Amino acid sequence: MTKPRQSTVLRFVIFIGVVNLFADLTYEGGRSITGPFLAELGATAALISIVSGAAEFFGYALRAVSGYVADRTGRYWTLTYLGYAINMFAVPALALAGNWPMAACLIAAERTGRAIRRPIVQGMLSHAKDEVGAGRAFGINESLDALGATVGPIVVALVIAWGGGYRLGFVVLLVPAVLCLGLLGIARRRYPNPRAFETETLGQTNALPRSYWLYLWRRADRIWICRFLAHRVPFSRDGNGAGRLNPPVVRGRHGHRRRRQLSAGTPV
């Protein structure tokens, strides 16, 4: 690990984190007022719940598909830019929605864009683990994400507090959306192949080590023994409600004593 290489990878992680900061500022700011905005357009509480839940579900379900398509085509940056563009422009476009069905379609589009780009960006960040560290890369990205998600609703709240209204709030979010896409374009030119950040290890294999299988066998053996004892060792309670273990007298020369106790109704 060389210092120049490590600093390059760290700059890439911070760059993507700043991109996500503006992205979260945009869509989290918009999501903070989509509910009352739909109500203003005439949607009922039930419709608002259905629209929000369906868009969220579709956004999460599509992530597996987008990741698979990216791996099959190899167009990671193209799909990432497409996802960010849909994600960013759908939020300010809500200012142009004239009815709640149109607004609902834009909300679904925003979730779709995030579903397209999210797994691909996380995959690109994972290539920085050898030089920066997986925990450090994830922590930087998540902290900048959280910062944007905090600032976005505050910006929209200030716009509304000053009498701007919901539509002006969506329009203001066009500024961080454009900054996000601009920085993403710069990142694409500077770091065209994030996979090159990973260091190749000769002789590396995907097979699990022998110690793993030994540990797994020991754990399974202990679980089996505990379950066997739970089923085979008699357990009863005395008159005070306290539990006690009784010796296993079912087999062997003490079997007749067990039969006498059962016939006499004595607790075992």
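Owing to the predicted nature of the structure, the values given are computational and were not obtained by experimental measurement.
- The ring pair (Phe, Tyr, Trp, His ring centres under 6.0 Å) pairs that include a residue from residues 83-107 number zero, where partners must be two or more places apart or lie in different chains.
- Between S66 atom OG and D71 atom CG the span is 9.5 Å, to the nearest 0.5 Å.
- A salt bridge links D145 with R118; the closest basic N to acidic carboxylate O contact falls under 4.0 Å.
- Distance check: S126 OG to F197 CZ gives 11.5 Å after rounding to the nearest 0.5 Å.
- A 6.0 Å sphere centred on CZ of F15 holds more than 12 heavy atoms belonging to other residues, nucleotides or ligands.
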Starting from the C-alpha separation in whole Å, work towards a yes-or-no answer on side chain to side chain contact (heavy atoms under 4.5 Å, CB included) for L10 and V132. CA-CA 6 Å; L10 182 59; V132 178; 4.1 Å; yes
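- With contacts defined as side-chain heavy-atom distances shorter than 4.5 Å, the pair F12/L125 qualifies.
- Using a 4.5 Å cut-off on side-chain heavy atoms (C-beta onward), R114 and R63 make contact.
- Here the OG1-CZ distance, from T34 to F170, works out to 6.5 Å after rounding to the nearest 0.5 Å.
- For R111 and Y27, the positive end sits near the middle of the six-membered ring, less than 6.0 Å away and at most 45° from its axis.
- For the pair Y191 and R11, the minimum side-chain heavy-atom distance is below 4.5 Å.
- Side chain of S52 to main chain of S49: no donor-acceptor pair is present (N/O by atom type, distance under 3.5 Å, no hydrogens or angles).
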Please report the C-alpha distance between T112 and N87 in whole Å, then the side-chain angles of each, then the deciding distance to 0.1 Å, and finally whether the side chain to side chain contact (heavy atoms under 4.5 Å, CB included) criterion is met. CA-CA 7 Å; T112 300; N87 190 198; over 6 Å; no
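- Considering CD1 of I86 and CG of L106, their distance stands at 12.0 Å, rounded to 0.5 Å.
- The local environment of CZ in R75 is sparse, with at most 12 non-hydrogen atoms from other residues, nucleotides or ligands closer than 6.0 Å.
- Counting all heavy atoms, side chain and backbone alike, A115 lies closest to L62 at CB-CB, 3.8 Å.
- Residues L144 and N20 have side chains not in contact (no heavy-atom distance under 4.5 Å, counting atoms from C-beta outward).
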Show, in sequence, the C-alpha distance, side-chain angles and deciding distance for M124 and V13, and conclude whether the side chain to side chain contact (heavy atoms under 4.5 Å, CB included) test is met. CA-CA 9 Å; M124 288 194 294; V13 172; over 6 Å; no
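- Using a 4.5 Å heavy-atom threshold, the side chains of L79 and T73 count as touching.
- Between E56 and R31 the shortest side-chain heavy-atom distance falls below 4.5 Å.
- At a threshold of 4.0 Å, the pair E131-R136 does not count as salt-bridged, since none of the basic side-chain nitrogens sits closer than that to a carboxylate oxygen.
- Taking both residues in full, the closest heavy atoms of V19 and L184 are given as CG2-N, 3.9 Å, listed atom of the first, atom of the second, then distance.
- Distance CD1/I120 to OH/Y81: 14.5 Å, rounded to 0.5 Å.
- Hydrophobic clustering, with ILVMFWY side chains joined whenever heavy atoms are under 4.5 angstrom apart, keeps L173 apart from I154.
- Looking only at side-chain heavy atoms (C-beta outward), M88 and L174 stay at 4.5 Å or farther from each other.
- Distance CG/L94 to CD1/I107: 6.0 Å, rounded to 0.5 Å.
- I160 places a side-chain heavy atom less than 4.5 Å from the side chain of V156.
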Given the rule in the side chain to side chain contact (heavy atoms under 4.5 Å, CB included) test, do R167 and F37 qualify, once you have shown the distances and angles that lead to the verdict? CA-CA 8 Å; R167 294 185 186 274; F37 181 65; 3.9 Å; yes
